[in-house]
> 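Structure below; questions to follow.
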Amino acid sequence: MTSTRYRGRFAPSPTGPLHFGSLVTALASYLEAKSQGGQWLIRIEDLDPLREPPEATGQILNSLEAHGLFPDEPVRFQSRRHAAYQAAIERLLRQGDGYRCSCSRKELQAHDGWHPQPCRAGQSDIGQRPYAVRFALGDDACEWWDLLLGPQRQQVVAELDDPVLLRKEGFYAYQLAVVVDDIDQGITDVVRGSDLLDMTAQQQQIYSALGARPPSWLHIPVILNEQGQKLSKQTHAPALDDDRPVDNLYRALQALGQQPPSSLTMASADHLLAWAAEHWQRQAIHLTAR
Ligand code: GLU
């Protein structure tokens, strides 16, 4: 099958080195792209220097390379994209799809999430207070199709669910940057962990406010540790051992429900990846963990 249209990506936030769970996500997005003759990109979502150890980006890129996961274009860094995010924020503010909000978390909590000031109408008295920019969601019973999980329905409540686009501390937020870059990079298919499933309905509204058609989504189950927690920095997931790429890839394929022949444990990472792209069975991914 050849298609130059498909463009996928792996977009880690560099909060720590790659662990087994992130390798599984990277591999699934890579194989979805390659099995369809598509392109696969890497984007480092380095938006929050306070949560990102300086060495993490290098560790992630080295790890991906050690596992033979090479992107089809130069790696993109969100830390170098501030001008594009600012332009998107100005557009959203101009259109009335974004608003400045100086409400503190405490004030919002005290009002069950509703804003004590008429922020959305652009009438709150911000004065000298630091403010965030939020996206003004519309009420919506959003229905969409996940390529693995099937039909999805998410209720979006205007105001209550409004995501932050620019944080008070001055950092651009994930919800904005991910959409701006997926549009700018022409991403047609997003493959990511199902911990981000609940973000999708909000992101659809941001796409349409920015005049773009949303991509297709495929959410894969997150990998859990023995205590049933998501593998992450918070749950102390160990870093991948970059000296054992074939073992790691083999286990990641098994975690994705694929059935690589055991002879491939003796092969090179490139060989294993070529086999996996050729035999990729999306519907074999286990749906147990969500
Ligand atoms: N940067 C996000 C994360 O590491 C993933 C973004 C996405 O795939 O939409 O959780």
Side-chain angles (χ1 to χ4, degrees), residues 6-33 38-53 56-61 63-64 69 71 75-81 84-85 88 135 144 146-149 152 154 163-165 167 171-207 210 212 214-224 229-235 237 239-240 256 285 289-290:
Y6 185 114
R7 277 167 74 82
R9 53 42 167 204
F10 174 56
S13 305
T15 52
L18 217 60
H19 53 72
F20 183 68
S22 30
L23 178 68
V24 169
T25 305
L27 184 60
S29 68
Y30 177 90
L31 293 174
E32 271 288 318
Q39 293 169 320
W40 182 73
L41 313 183
I42 297 175
R43 185 171 70 228
I44 298 292
E45 303 210 318
D46 47 355
L47 290 170
D48 183 351
L50 305 180
R51 286 184 55 229
E52 295 157 3
T57 290
Q59 289 172 330
I60 291 174
L61 293 176
S63 234
L64 290 168
L69 297 167
V75 175
R76 172 172 289 200
F77 297 89
Q78 289 193 324
S79 54
R80 300 180 194 163
R81 295 270 304 149
Y85 308 143
F135 184 79
W144 54 280
D146 185 278
L147 289 178
L148 181 65
L149 306 175
Q152 301 295 309
Q154 280 170 283
V164 169
L165 304 176
R167 291 163 48 191
F171 300 137
Y172 295 99
Y174 158 71
Q175 285 291 61
L176 174 79
V178 74
V179 173
V180 169
D181 279 327
D182 280 341
I183 294 172
D184 184 69
Q185 295 189 285
I187 299 300
T188 60
D189 288 75
V190 168
V191 177
R192 60 185 180 188
S194 58
D195 51 327
L196 294 167
L197 190 64
D198 296 342
M199 304 281 176
T200 310
Q202 298 183 357
Q203 288 173 7
Q204 293 196 24
Q205 292 197 23
I206 302 175
Y207 270 93
L210 291 173
S216 301
W217 277 285
L218 188 163
H219 290 87
I220 57 164
V222 293
I223 303 291
L224 305 177
Q229 302 159 315
K230 181 194 164 198
L231 289 190
S232 70
K233 193 181 163 194
Q234 287 72 31
T235 60
L240 278 178
L256 287 164
I285 301 174
R290 134 90 158 92

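First listed ligand is number 1; within each ligand, the first listed atom is number 1. This is a predicted model, so every value here is computed, not measured.
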> Provide the number and element of each atom of ligand 1 under 4.0 Å from a heavy atom of Val178.
9 (O)
> If you look at every heavy atom in Tyr207 and Ile183, which pair is closest and at what distance?
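Result for this residue pair: CE2-CG1, 3.6 Å.
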> Which residue pairs pass the salt bridge (charged side-chain N to carboxylate O under 4.0 Å, His left out) test with at least one member in residues 11-28, sequence neighbours excluded?
none
> I need the nearest protein heavy-atom contact for atom 10 (O) of ligand 1: residue, atom name and distance, please.
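Of every protein heavy atom, Leu196 CD1, 4.0 Å lies nearest to atom 10 (O) of ligand 1.
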> Considering only protein heavy atoms, which is closest to atom 5 (C) of ligand 1, and at what distance to one decimal place?
Ala11 O, 3.3 Å
> So which of Val179, Val178, Asp184 actually passes side-chain contact (heavy atoms from CB on, under 4.5 Å) with Asp182?
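Per the side-chain contact (heavy atoms from CB on, under 4.5 Å) rule, the option paired with Asp182 is Val178, out of Val179, Val178, Asp184.
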> Would you mind telling me which of Thr200, Leu197, Val222 makes a side-chain contact (heavy atoms from CB on, under 4.5 Å) with Arg192?
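With Arg192 as partner, side-chain contact (heavy atoms from CB on, under 4.5 Å) holds for just one option, Thr200.
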> If you have a sec, work out which protein heavy atom is nearest atom 3 (C) of ligand 1 and how many Å separate them, to one decimal?
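Checking every protein heavy atom, the shortest distance to atom 3 (C) of ligand 1 gives Ser13 OG, 3.5 Å.
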> Distance under 4.0 Å to a non-hydrogen atom of Pro12: what atoms of ligand 1 satisfy this?
1 (N), 4 (O)
> Could you tell me, atom by atom, which parts of ligand 1 come under 4.0 Å of a heavy atom of Glu45?
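Ligand 1 atoms under the 4.0 Å threshold to Glu45: 1 (N), 2 (C), 5 (C), 6 (C).
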> Does Arg43 approach ligand 1 within less than 4.0 angstrom via side chain, backbone, both or neither, non-hydrogen atoms only?
neither
> Go through ligand 1 atom by atom and flag the ones less than 4.0 Å from a non-hydrogen atom of Tyr174.
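The atoms of ligand 1 under 4.0 Å from a heavy atom of Tyr174 are 6 (C), 7 (C), 9 (O).
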> Tell me whether the rings of Tyr30 and Trp40 are parallel (<30°), tilted (30 to 60°) or perpendicular (>60°).
perpendicular
> To the nearest 0.1 Å, how far is atom 8 (O) of ligand 1 from its closest protein heavy atom, and which atom is that?
Arg9 NH1, 2.6 Å
> At their closest point, which heavy atom of Phe77 faces which heavy atom of Leu61, and how far apart are they?
CZ-CD1, 4.1 Å
> What is the minimum heavy-atom distance between Ala177 and Leu47, and which atoms define it?
CB-CD1, 3.7 Å
